[in-house]
Amino acid sequence: MSTEICSTDGFRKFFSEYHLATLATLRPDGTPHVVPVGVTYDHDANVARVITRKSSVKISNILSALPGEARVAVSQVDGPRWITLEGVARVITDQEQIAAAVDGYAARYGRRPAQDPRRVLVEITPDRALGLLEIPGLAA
């Protein structure tokens, strides 16, 4: 399945609204680890971003995978509307990229998280998108 949904107006609108999401990573034994997160989507770069602490289990799970093979899924739901992005995640420690991700988070969620020297960035490049964003008979 493709990521064509990511370029639709419904997708852009859904990712501009305030919705928490869940991020699923895989533990080394293959079982899922699912946690609530704030997520942003950079439409120009076609990546989803999650800021977190480098000591989190999700970071450990991503780093335990082989480079380029850390499969994850990030999902958000609002009543009947939902979207799941599946793809490969990488951990970014570059402070400029983290600061830009914090700015994106603040723009979407209306608050700036406290400074955290242990903050890292999870960048997800989706290769599959599933969802239902247009509800027949429901006014936008």
Side-chain angles (χ1 to χ4, degrees):
M1 185 166 294
S2 72
T3 59
E4 291 172 1
I5 195 172
C6 297
S7 62
T8 66
D9 289 340
F11 181 89
R12 287 181 182 273
K13 181 178 185 307
F14 198 44
F15 263 88
S16 69
E17 300 167 358
Y18 185 109
H19 300 292
L20 293 179
T22 57
L23 176 65
T25 59
L26 296 176
R27 295 180 183 100
D29 68 2
T31 59
H33 172 74
V34 183
V35 293
V37 296
V39 62
T40 60
Y41 194 83
D42 182 329
H43 300 280
D44 294 330
N46 295 314
V47 295
R49 294 188 174 115
V50 173
I51 54 175
T52 189
R53 287 192 175 152
K54 67 181 171 184
S55 61
S56 70
V57 171
K58 58 189 157 289
I59 295 301
S60 177
N61 291 342
I62 292 167
L63 293 176
S64 70
L66 294 173
E69 294 186 14
R71 300 291 304 173
V72 302
V74 64
S75 301
Q76 64 181 29
V77 63
D78 178 43
R81 297 182 308 151
W82 63 276
I83 188 84
T84 296
L85 302 175
E86 297 176 10
V88 174
R90 65 187 183 116
V91 177
I92 296 173
T93 58
D94 177 79
Q95 292 304 305
E96 286 184 27
Q97 291 181 64
I98 293 169
V102 168
D103 290 344
Y105 178 96
R108 181 170 190 197
Y109 292 103
R111 70 171 192 84
R112 181 166 296 281
Q115 291 279 13
D116 187 346
R118 297 166 293 180
R119 180 171 289 134
V120 295
L121 169 61
V122 175
E123 193 169 78
I124 304 159
T125 303
D127 53 30
R128 178 181 291 175
L130 309 144
L132 179 62
L133 298 174
E134 307 295 328
I135 311 302
L138 184 65

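Being a predicted model, the structure only gives us computed values, none of them experimental.
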With rounding to the nearest 0.5 angstrom, report the [atom1] to [atom2] distance, [X] to [Y].
{"X": "Leu130", "Y": "Leu132", "atom1": "CG", "atom2": "CG", "value": "11.5 Å"}
{"X": "Thr125", "Y": "Arg90", "atom1": "OG1", "atom2": "CZ", "value": "6.5 Å"}
{"X": "Ile98", "Y": "Asp103", "atom1": "CD1", "atom2": "CG", "value": "12.0 Å"}
{"X": "Asn61", "Y": "Ser56", "atom1": "CG", "atom2": "OG", "value": "8.5 Å"}
{"X": "Arg112", "Y": "Gln115", "atom1": "CZ", "atom2": "CD", "value": "8.5 Å"}
{"X": "Arg27", "Y": "Ser64", "atom1": "CZ", "atom2": "OG", "value": "11.0 Å"}

Could you report the tightest heavy-atom contact between [X] and [Y], atom names first, then the distance?
{"X": "Ala114", "Y": "Arg119", "answer": "O-NH2, 2.8 Å"}
{"X": "Leu133", "Y": "Gly10", "answer": "CD1-C, 3.8 Å"}
{"X": "Pro32", "Y": "Leu26", "answer": "CA-CD2, 4.2 Å"}
{"X": "Lys54", "Y": "Val120", "answer": "CB-CG1, 3.4 Å"}
{"X": "Asp42", "Y": "Asp44", "answer": "OD1-N, 3.0 Å"}
{"X": "Pro126", "Y": "Asn46", "answer": "CD-O, 3.4 Å"}

Original post:
So does Asp9 have more than 12 non-hydrogen atoms from other groups sitting under 6.0 Å from CG?
Top reply: no

Original post:
Taking everything shown except Glu96 itself, do over 12 heavy atoms lie less than 6.0 Å from its CD?
Top reply: no

**OP:** Give a yes or no on whether a salt bridge exists between Arg71 and Asp127, defined as a side-chain N under 4.0 angstrom from a carboxylate O.
**Re:** yes

Original post:
Is there a path of hydrophobic side-chain contacts, each under 4.5 Å between heavy atoms of I, L, V, M, F, W or Y residues, that connects Val57 with Leu23?
Top reply: no

Original post:
Are Val34 and Ile51 connected in the hydrophobic side-chain network, where two residues link if heavy atoms are under 4.5 Å apart?
Top reply: no

Side-chain heavy atoms of [X] within contact of [Y], under 4.5 Å:
{"X": "Val39", "Y": "Arg108", "value": "yes"}
{"X": "Val91", "Y": "Leu63", "value": "yes"}
{"X": "Ile124", "Y": "Val74", "value": "yes"}
{"X": "Val50", "Y": "Tyr105", "value": "no"}
{"X": "Phe15", "Y": "Ile83", "value": "yes"}
{"X": "Val88", "Y": "Val72", "value": "no"}
{"X": "Arg81", "Y": "Glu17", "value": "yes"}
{"X": "Val37", "Y": "Thr22", "value": "no"}

**OP:** Assess the side chains of Lys58 and Thr52: does a donor N or O sit below 3.5 Å from an acceptor N or O?
**Re:** yes

Subject >> Distance-only polar pair, side chains of Arg49 and Tyr41, donor-acceptor under 3.5 Å >> reply: no

**OP:** Please state whether the rings of His19 and Phe14 are parallel, tilted or perpendicular, taking 30° and 60° as the class boundaries.
**Re:** tilted

Original post:
Can Phe11 and His43 be said to form a ring-ring contact (aromatic ring centres under 6.0 Å, His included), step by step?
Top reply: CA-CA 10 Å; Phe11 181 89; His43 300 280; 5.8 Å; yes

